[in-house]
Amino acid sequence: MRDRRPLPTSPGFWRSPVRGSWFTSVLGLVLLAGITVLFVTGLLSYAAYNPNLSPVNDQTPGKGLLGFYLFAWPTHPHWLYRLTQGVHVTLGITLIPVLLAKLWSVVPRLFALPPVRSVTHALERLSLLLLVGGGLFEFTTGVLNIQLDYVFPGSFYPLHFYGAWVFFAAFVAHAALKTPAAVRTVRRMRAGGEEEGDLVAPRPAPPTVSRRGALWLVGGGSLLLFVTSAGRSFDGLLRQTALLTPHGGAEPGSGPGGFQVNKTAAYAGITPAETRADTWRLTVTGRTGTVRLTRADLERMALHSAALPIACVEGWSTSDQWWRGVRLRDLAALVGHGDPPDVLVESLQAHGAFRRAALRADQVGDPRSLLALYVNGEDLTPDHGHPARVIVPAAPGVLNTKWVARLTFGELR
Ligand SMILES: Nc1nc2c(c(=O)[nH]1)N[C@H]1C(S)=C(S)[C@@H](COP(=O)(O)O)O[C@H]1N2
Ligand SMILES: [Mo]
């Protein structure tokens with residue numbers, strides 16, 4: 001008799017004694033909760049981008065019904081996006097070991113023969129393709145986006161958006177089919193039951209770790225990712241623990257402007273010549289026409305302060321900074337809008353994905369929404385948007401346009 005190593009299509013090929021319905025069920029239930037939170041916080045982030053002010057902030061092609069928009073993103077509490085997006089990114093990173101372990105736990109099924117047993121089985125396998133493909137796609141695009149600083153600035157947003165719908169649709173179908181059995185398995189095993197089912201290796205290799213130990217290992221991996229990621233939502237010492245956060249662009253440094261910078265002035269191609277007091281002008285357009293203001297003109301207007309964070313879609317955020325400047329609604333009033341309308345904000349930047357942004361009327365009307373000139377008691381630094389930048393409570397960082405050149409009120413919808 002020849003001793004032939006079995007092929008992956010044979011159950012005997014898979015020998016880990018860890019595989020079984022219990023391991024798969026526990027990981028599946030963790031993902032059920034975690035991915036639901038990821039989907040909800042992801043949709044919230046979509047809403048926070050003001051997609052109804054298309055096509056400025058949201059340029060997703062053909063989004064149709066999927067572009068539904070449940071509510072206008074509020075400006076209270078001012079840390080809302082900091083929380084929702086911090087949870088989205090940190091939880092996403094933390095779930096990576098769980099996702100990989102879950103896929104590992106069911107990999108024998110990928111090779112099971114015959115590949116298709118019936119029409120129902122074919123449909124089930126197709127849905128698994130969308131589930132696994134969609135899941136890997138969402139986690140990969142998410143990680144690339146936060147780690148590599150927008151490798152695909154224009155396209156990440158629609159890719160992650162469409163991927164989310166495909167993935168979540170398959171996920172809902174899968175969860176509906178499998179959750180009852182997973183709950184039963186966990187209950188049965190807790191009551192001292194035996195492992196059973198097709199995932200159990202028929203000829204298991206000697207164990208190097210118990211099933212419970214393997215689960216702790218996955219949990220330990222998640223914990224490690226969590227403690228090296230969560231600091232991105234804070235500054236100071238806690239930020240130092242965010243070892244996995246890219247500190248690309250500029251280091252925060254110290255002093256009043258010493259908080260995280262996304263794109264530096266140099267990166268955005270903003271030159272000192274354009275921002276000097278004698279060259280820079282703010283063009284404000286509205287119902288009654290256009291006015292052009294120097295920085296000195298702005299400083300003569302009523303100045304107000306607000307303590308607000310920067311919270312980026314990449315998941316990092318700063319604590320509240322003290323911004324001081326002119327209220328957006330006062331600038332709207334200057335050009336004939338007593339009742340604040342939407343506004344299109346454009347920066348000096350000639351190129352780049354974030355050089356302009358649209359804000360909703362309620363954001364313009366909030367007394368804390370400023371065209372900031374100062375931060376933490378000093379003039380804005382070049383990297384934080386000198387001579388003037390927008391800051392809006394609870395809005396994603398991307399809407400807080402730096403190096404502002406032009407404000408156009410009304411006529412956005
Ligand atoms: N003109 C301009 N404004 C911009 C950006 C940009 O690239 N260009 N980046 C935006 C993004 S994505 C974020 S998160 C915030 C970051 O602000 P900060 O660099 O002052 O922390 O600025 C926003 N404003
Ligand atoms: Mo951002």
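Atoms considered below: every heavy atom in the structure, side chains included; atoms not considered: hydrogens, waters and symmetry mates. Counting starts at 1 for both ligands and their atoms, following the listed order.
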Item to check | Atoms in ligand 1 flagged as close to I310, the criterion being non-hydrogen separation under 4.0 Å | outcome: 16 (C), 17 (O), 21 (O)
Checklist entry - Any cation-pi pair here, R295 with Y374, using under 6.0 Å and within 45°? => result yes
Checklist entry - Can you check side-chain contact (heavy atoms from CB on, under 4.5 Å) on V183 and T179, steps first, answer last? => result CA-CA 6 Å; V183 171; T179 307; 4.1 Å; yes
Checklist entry - Is ligand 1 under 4.0 Å from a heavy atom in the side chain of Q349, in the backbone, in both, or in neither? => result side chain
Checklist entry - Do E196 and R188 pass the salt bridge (charged side-chain N to carboxylate O under 4.0 Å, His left out) test, and can you show the C-alpha distance, the side-chain angles, and the key distance before you say yes or no? => result CA-CA 11 Å; E196 54 189 40; R188 185 169 43 85; 3.7 Å; yes
Next on the checklist: Give the atom numbers and elements of ligand 1 that come within less than 4.0 Å of a heavy atom of R389.
Outcome noted: 15 (C), 17 (O), 18 (P), 20 (O), 22 (O)
Checklist outcome for this item: Counting from 1 in the order shown, the ligand 1 atoms closer than 4.0 Å to a non-hydrogen atom of K263 are 7 (O)
Checklist outcome for this item: S347 heavy atoms within 4.0 Å reach ligand 1 at atoms 1 (N)
Item to check | Which of the ligand 1 atoms, numbered from 1, are nearer than 4.0 Å to a heavy atom of W403 | outcome: 1 (N), 2 (C), 8 (N)
Checklist entry - Can you list the atoms of ligand 1 that are under 4.0 Å from a heavy atom of V261? => result 19 (O), 21 (O)
Next on the checklist: Under a 4.0 angstrom heavy-atom cut-off, which atoms of ligand 1 come close to N400?
Outcome noted: 22 (O), 23 (C), 24 (N)
Next on the checklist: The test is ring-ring contact (aromatic ring centres under 6.0 Å, His included); show your working for F39 and F167 and say whether it passes.
Outcome noted: CA-CA 10 Å; F39 185 71; F167 173 47; 8.8 Å; no
Item to check | Interfacing atoms of ligand 1 (cut-off 4.0 Å, heavy-atom, H384) | outcome: 18 (P), 20 (O), 21 (O)
Checklist entry - Stepwise, does the side-chain hydrogen bond (donor to acceptor under 3.5 Å, both in side chains) test hold for Y267 with Q349? => result CA-CA 10 Å; Y267 181 96; Q349 242 176 302; over 6 Å; no
Checklist entry - Any sub-3.5 Å donor-acceptor pair from Q321's side-chain atoms to L308's backbone N or O? => result no
Checklist entry - Any idea which part of W316 is under 4.0 Å from ligand 1, heavy-atom wise: side chain, backbone, both or neither? => result side chain
Item to check | Donor-acceptor contact present, side-chain R329 to main-chain P340, <3.5 Å | outcome: no
